[in-house]
Amino acid sequence: MSSRGDGFFPDEVVLQILSRLPMKSLFRSKTVCKLWYRLSSDKYFVQLYNELSVKNPMVLVEVSEASESKSSLICVDNLRGVSEFSLDFLKDRVKVRASCNGLLCCSSIPDKGVYYICNPMTREFRLLPRSRERPVTRFYPDGEAILVGLACDLSSQKFKVVLAGYHRSFGQRSDGTFICLVFDSESNKWRKFVSFQDDHFTHMNRNQVVFVNGSLHWLTGSCSCILVLDLDCDIWRKMPLPEQVGSVSAGNRIYLLESDGCLSVLQISDAWMNIWVLKDYEREEWHLVDRVSLRCIRGLVPGIFPISQTGECVFLATHKQVLVYQRNNRVWKEMYSVKNGSTLPLWFSAHAFRSTLFTCHY
Amino acid sequence: MANNGENPSPDVGGKTVKLKADDGEIFEVEEAVAMELQTVKSFFDDDGVSYDTVVPLLNVSSTALAKVIQYCRRAVELRAKSGDDEGANEKAREEREGLEAELVREESDEGIKELILAANYLNIKDMLSFLCRAVGDRIKNKSVEYVRRFFVLENDFSPEEEERTRNEVAWAFEGVDAD
């Protein structure tokens with residue numbers, strides 16, 4: 001129903017316009033008038049904004065300057081290119097550990113065991129209470145959790161944080177038990193459960209945790225299967241990889257990403273990148289959705305890692321560049337490249353990201 | 001396709017629909033194109049409404065309606081071109097994006113606002129979507145005062161409320177255009 005009492009456009013049109021604004025502009029628009037202040041916090045609007053942003057995959061990368069031993073963050077996406085990114089509002093030096101549906105889980109660098117959940121686009125953050133069950137630093141071998149997972153449910157605006165790792169008993173050796181600490185945003189409490197695992201995890205395995213269908217997923221170091229944590233019942237299980245992935249060797253690597261809400265495995269060999277998507281989660285049926293020729297980027301193949309994707313494009317990172325591959329017209333494009341020599345490769349701390357209005361407040 | 005806002009002539013033999021703008025001007029349009037306008041589609045979905053009935057579009061000016069029809073006609077053509085062929089699909093998609101960009105580029109602020117109202121009233125989802133994105137692009141770096149003038153909105157915050165709200169989102173004001 002068009003009501004011209006409050007301005008030129010009816011409310012439903014205003015929502016359509018505001019939902020397409022970049023986050024900063026959206027927040028400025030809250031000061032236009034009371035109606036707009038209300039509209040942008042409206043539940044329907046938040047859902048609309050989040051649905052639109054899902055189509056814009058982003059990559060968050062830590063760029064460290066060799067000369068300055070300081071690092072900054074950048075954000076790369078198709079719509080707006082490269083933009084500076086800051087977590088200064090946390091007022092702490094942090095490392096990004098996991099990214100899910102617009103929220104980040106960051107650990108404090110000076111204070112071990114201190115974790116923040118934040119929405120870097122809206123600048124909201126929440127300091128997680130320390131777990132009282134057991135000191136969080138009792139993990140083996142270095143006091144840090146091996147696996148850090150963030151599970152954010154967009155529709156309910158609730159999230160869970162998972163810290164998991166082998167337990168270090170008093171004598172400083174691992175006793176084989178695998179501890180899992182789960183933080184629930186609703187109760188604002190940690191809970192703990194114990195299981196037995198025998199996997200190891202590479203750096204990329206740990207960075208690329210995927211939350212779909214109510215569960216967190218990690219590739220294991222042996223690349224033999226996917227480790228799944230069902231957060232509804234706190235159970236670990238294993239899921240098979242696509243049959244055709246075969247054995248993994250130096251020239252044949254696999255990575256776990258999300259693709260439009262589904263689990264996806266990307267396999268990179270000398271000349272090809274195969275993309276599988278788990279279209280039927282219950283039946284565990286993998287579909288090979290694309291075979292991408294890597295001829296154009298031949299020289300980069302040994303050091304390239306896929307970071308973020310949708311059905312339309314794949315973002316990858318090398319030591320010094322962030323590239324995007326558009327699947328519909330098979331075009332490769334360089335989105336970002338490091339100017340000076342960098343100490344750490346870009347892929348080392350690159351995370352898939354998207355901009356949402358997920359709120360992390362209690 | 002020459003069209004200076006004049007009544008476009010329909011294909012011979014195809015079914016057509018008559019649309020009447022707010023000033024009484026009648027546009028005869030191919031059925032497939034008319035059905036892009038969900039409001040028109042709903043009008044005929046009603047039992048007993050014959051296709052000969054003139055659809056009254058009281059909230060749409062003839063200028064806006066002419067542009068809407070031109071866009072929808074082109075969009076229907078492009079959709080017919082794409083199919084299973086990936087290459088043709090991609091080309092059609094690029095052409096549609098070019099069409100949208102051209103439409104937006106040529107419009108003044110007042111023109112684009114009028115088109116948005118028309119696309120909203122006529123319920124044309126794709127058209128409303130790219131028009132809203134275009135307006136968003138035009139205002140995204142503008143000052144709050146500019147936005148108020150553009151959308152014809154009054155500042156109904158008290159001075160204290162306005163200051164409080166501004167402080168809440170102070171970080172969003174770094175680097176904004178002056179008016």
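Convention: sequence-line order gives letters A, B, ...; per-chain numbering from 1.
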Strictly below 4.0 Å, N to O, side chains only: are [X] and [Y] in salt-bridge contact?
| X | Y | result |
| --- | --- | --- |
| B:Glu161 | A:Lys34 | yes |
| B:Arg105 | B:Glu102 | no |
| B:Arg96 | B:Glu100 | yes |
| B:Arg148 | B:Glu145 | yes |
| B:Glu114 | B:Lys67 | no |
| B:Glu95 | B:Lys91 | yes |

Option in [options] with maximal non-hydrogen atom pairs under 4.5 Å from chain A:
| options | answer |
| --- | --- |
| B:Arg166, B:Arg133, B:Lys113 | B:Lys113 |
| B:Glu94, B:Glu162, B:Arg93 | B:Arg93 |
| B:Ala134, B:Ser129, B:Gly136 | B:Ser129 |
| B:Ile116, B:Leu131, B:Leu128, B:Asp137 | B:Ile116 |

| So, A:Thr356 and A:Asn101: side-chain donor and acceptor under 3.5 Å apart, yes or no? |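 No.
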
| query | Which answer fits A:Thr122, side chain, backbone, both or neither, if we ask what part of it has an atom under 4.5 Å from a heavy atom of chain B? | reply |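 For A:Thr122, the backbone is the part near chain B, not the side chain.
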
| Is it the backbone or the side chain of A:Tyr37 that comes under 4.5 Å from a heavy atom of chain B, or both, or neither? |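 Contact with chain B involves the side chain of A:Tyr37 alone.
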
| Can you name the closest pair of heavy atoms from A:Ser269 and A:Leu294 and give their distance? |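 A:Ser269 and A:Leu294 have their closest heavy atoms at O-CD1, 3.7 Å.
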
| Under 4.5 Å from any heavy atom of chain A - which part of B:Ile139 |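 Answer is side chain: those atoms of B:Ile139 sit under 4.5 Å from chain A.
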
| query | Non-hydrogen atoms of chain A under 4.5 Å away: do they reach the side chain of B:Val152, the backbone, both or neither? | reply |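 Interface part for B:Val152: both.
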
| field | Atom CD of A:Gln244: over 12 foreign heavy atoms under 6.0 Å | value |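 Buried by this count: over 12 neighbours within 6.0 Å.
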
| request: Flag this pair as yes if the NZ/CZ of A:Lys30 is under 6.0 angstrom from the six-membered ring centre of A:Phe27 and inside a 45 degree cone about the axis; otherwise no. | output: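 Checked: cation-pi criterion met.
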
| Looking only at heavy atoms, which of residues 47-58 of chain A get nearer than 4.5 Å to chain B? |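 Expected list: none.
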
| said: For the interface with chain B, which of A:Val32, A:Val14, A:Ile17 has the highest count of heavy-atom pairs at distances below 4.5 Å? | reply: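 Option with the top pair count is A:Val32.
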
